[in-house]
2 protein chains.
Amino acid sequence: MLVKADRRIPVEGHLARLGGERMSCSSFNYRKGRQIFGEGEEAKYVYQIISGAVRTYKLLPDGRRQINAFHLPGDLFGFETGDHHRFTSEALVATEVRVATRQTLLELAVSEGRVSSLLALVTLNLRHAENHMLLLGRKNSHERVAEFLLEIDEREAHPNVMTLPMSRRDIADYLGLTVETISRSLSMFRDEQLVRFEDNTQRRLVLLDRRGLAALEASA
Amino acid sequence: MLVKADRRIPVEGHLARLGGERMSCSSFNYRKGRQIFGEGEEAKYVYQIISGAVRTYKLLPDGRRQINAFHLPGDLFGFETGDHHRFTSEALVATEVRVATRQTLLELAVSEGRVSSLLALVTLNLRHAENHMLLLGRKNSHERVAEFLLEIDEREAHPNVMTLPMSRRDIADYLGLTVETISRSLSMFRDEQLVRFEDNTQRRLVLLDRRGLAALEASA
DNA sequence: CGCCCCTTTGAAGCATATCAAACCGCGTGG
DNA sequence: CCACGCGGTTTGATATGCTTCAAAGGGGCG
């Protein structure tokens with residue numbers, strides 16, 4: 001699953017709830033492809049997506065990339081318990097974020113006994129990571145792609161037409177596969193009438209058979 | 001990296017430190033192979049290893065297994081923020097654990113303002129999971145095995161002779177590979193003089209060239 | 001001491017990666 | 001508004017790393 005914020009809570013309230021109402025937040029805009037923070041940088045700020053989408057990833061020295069998570073509106077990201085970011089973060093599309101300082105968030109959380117909110121946040125991330133390890137370690141390509149589609153579908157609250165903010169390369173680096181393999185899986189799903197691409201787009205698609213996809217997914 | 005407890009803190013003090021000195025702990029013994037708790041079961045207890053070793057894993061319906069972590073003496077495991085275990089846990093060898101109820105731990109942590117200790121614990125697990133996703137998604141078999149050996153080496157504080165409490169199958173299910181591939185990697189390392197097997201054992205070995213292994217590892 | 005299971009090694013197969021090229025949607029600029 | 005060009009995507013052909021299948025070896029536990 002994607003790391004997801006509780007959808008019943010309005011976007012505006014989430015950071016405020018964590019930090020207490022006194023936390024000052026400013027908003028900021030990033031263009032498509034722009035870096036929000038880098039791996040190893042000091043973790044000064046915490047972010048919440050107002051609109052747009054974000055990827056966070058790790059790189060190996062030779063350029064291999066593992067995308068850890070995609071973040072969508074409402075999601076909090078960039079929070080570190082330690083002092084440094086352990087991922088790089090970039091905007092997938094034009095993205096507006098709300099920003100608060102990590103220090104303020106931490107101090108307020110501690111002083112107001114709201115550390116359990118942080119615990120809940122980290123736990124949510126951990127759960128996602130645990131599921132993703134199973135996917136990366138033991139699932140085949142069709143299972144991975146099916147799971148990915150259902151994950152996005154759930155994140156977007158089962159829309160009629162699903163819009164993917166990320167490229168095939170991003171999906172590949174999230175699922176531990178290559179662009180070509182992603183494309184082949186999606187083509188197979190299309191041929192099997194599991195999905196349909198909207199008009200002639202490559203990033204807007206309809207899940208025709210969620211049950212069929214779930215059967216392919218091989219979940220636990 | 002393995003999820004690891006701070007080695008400077010004696011085994012006896014760790015759970016007590018988290019829960020406060022008033023937390024009652026009893027100890028329990030598990031024979032090799034015995035299940036400690038199962039995925040989906042209610043998470044009543046929290047465990048700390050006194051001696052021995054433990055694996056935690058998820059299973060797919062068809063039996064594919066992903067081992068999430070190995071736990072060694074001093075490690076805390078089985079703590080859940082939610083009500084249910086998300087893994088199955090089994091003793092790798094004869095293992096003695098200290099047990100405390102999760103409820104007590106949670107209540108004490110909250111009432112005494114020690115939630116941040118739980119946060120630190122979950123964060124440690126998250127960090128390990130993040131690194132492991134990179135390994136599972138983007139590293140080849142030699143890199144995975146080299147990283148695994150160095151991880152155990154560090155956990156055991158760089159001993160002259162490293163003792164593996166887990167089988168090749170366990171290693172394979174931890175690294176997302178097969179038994180045969182693990183064996184071939186280890187044989188290659190032996191032929192390349194990177195490691196040496198102690199006497200004629202398969203689970204006691206010496207790291208002859210940690211630098212060489214680190215070079216193979218392709219870390220970030 | 002002996003059996004069983006773990007491990008190693010070899011041979012063959014397969015899923016996914018790699019290499020290659022055509023297609024096409026989209027943004028740009030004329 | 002349309003032509004153009006580019007990057008992203010698809011599709012095909014080939015390569016390869018890891019798995020699967022198979023069998024022998026060997027260590028440790030009962």
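Throughout, protein chains are lettered first and strands after them, A, B, ... in sequence-line order, and every chain is numbered starting at 1.
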Ignoring hydrogens and geometry, is there a side-chain-to-backbone donor-acceptor pair from A:Asp170 to A:Ser167 under 3.5 Å?
-> yes

Donor-acceptor contact present, side-chain B:Thr95 to main-chain B:Ala53, <3.5 Å | yes

Mark yes when over 12 heavy atoms from residues, nucleotides or ligands other than B:Arg203 sit less than 6.0 Å from its CZ; otherwise mark no.
-> yes

Residues B:Tyr57 and B:Glu90: side-chain donor-acceptor under 3.5 angstrom | yes

For atom CZ of B:Phe79, is the number of surrounding heavy atoms from other residues, nucleotides or ligands below 6.0 Å larger than 12?
-> yes

Atom pair distance, as rounded to whole Å: NZ in B:Lys139 and C1' in C:dT16 | 20 Å

Which residues within residues 189-201 of chain B lie with some heavy atom under 4.0 Å of an atom in DNA chain C?
-> B:Arg190

Is the number of heavy atoms from other residues, nucleotides or ligands within 6.0 Å of CG (B:Asn160) greater than 12?
-> no

Send over the distance from B:Leu92 CG to C:dC6 C1', rounded to a whole Å.
-> 15 Å

Nearest-nucleotide pick for A:Gln202, side chain only, options being D:dT10, D:dG27, C:dT16 | D:dT10

Between P of D:dC18 and CZ of A:Arg138, the distance in whole Å = 13 Å

Scan B:Ser183 against the nucleic acid and name what it touches under 4.0 Å (heavy atoms): base, sugar-phosphate only, or nothing.
-> base

A:Lys32 NZ to D:dG8 P, in whole Å, measures 7 Å

In a check of ring pair (Phe, Tyr, Trp, His ring centres under 6.0 Å) between B:Tyr47 and each of B:Tyr30, B:Phe87, B:Phe37, which one passes?
-> B:Phe37

Base C:dC19 to side chain A:Glu180, donor-acceptor N/O within 3.5 Å cut-off | yes

At under 4.0 Å, does any side-chain N or O of A:Arg203 touch on OP1 or OP2 of D:dT9?
-> yes

With a 4.0 Å cut-off on heavy atoms, is B:Leu186 in touch with a base, just the backbone sugar-phosphate, or nothing at all?
-> nothing

Whole angstrom value for the distance that separates P of D:dG27 from CG of B:Leu164 = 16 Å

Going by atom types alone, do B:Arg190 and B:Ser187 pair a side-chain donor with an acceptor below 3.5 Å?
-> yes

Distance test, side-chain N/O of B:Ser187 to OP1/OP2 of C:dT9, below 4.0 Å | yes

Would you classify B:Leu177 as touching base, sugar-phosphate or nothing, given that sugar-phosphate means primed atoms plus P, OP1 and OP2, and contacts are heavy atoms under 4.0 Å?
-> sugar-phosphate

Counting side-chain heavy atoms from C-beta on, which of C:dT18, C:dT16, D:dC21 comes nearest to A:Thr178?
-> C:dT18

Between C:dT16 atom P and A:Leu175 atom CG, what is the distance in whole Å?
-> 12 Å

Examine D:dT10: is either OP1 or OP2 under 4.0 Å from a nitrogen or oxygen in the side chain of A:Arg168? Give yes or no.
-> yes

For atom CZ of A:Arg169 and atom C1' of D:dT10, their distance in whole Å = 14 Å

For D:dG17, does OP1 or OP2 lie under 4.0 Å from any side-chain N or O of B:Ser141?
-> no

Name the nucleic acid region contacted by A:Ser167, choosing base, sugar-phosphate or nothing; use a 4.0 angstrom heavy-atom cut-off, strictly under.
-> sugar-phosphate

How close or far is atom P of C:dG10 from atom CZ of B:Arg184, stated in whole angstroms?
-> 9 Å

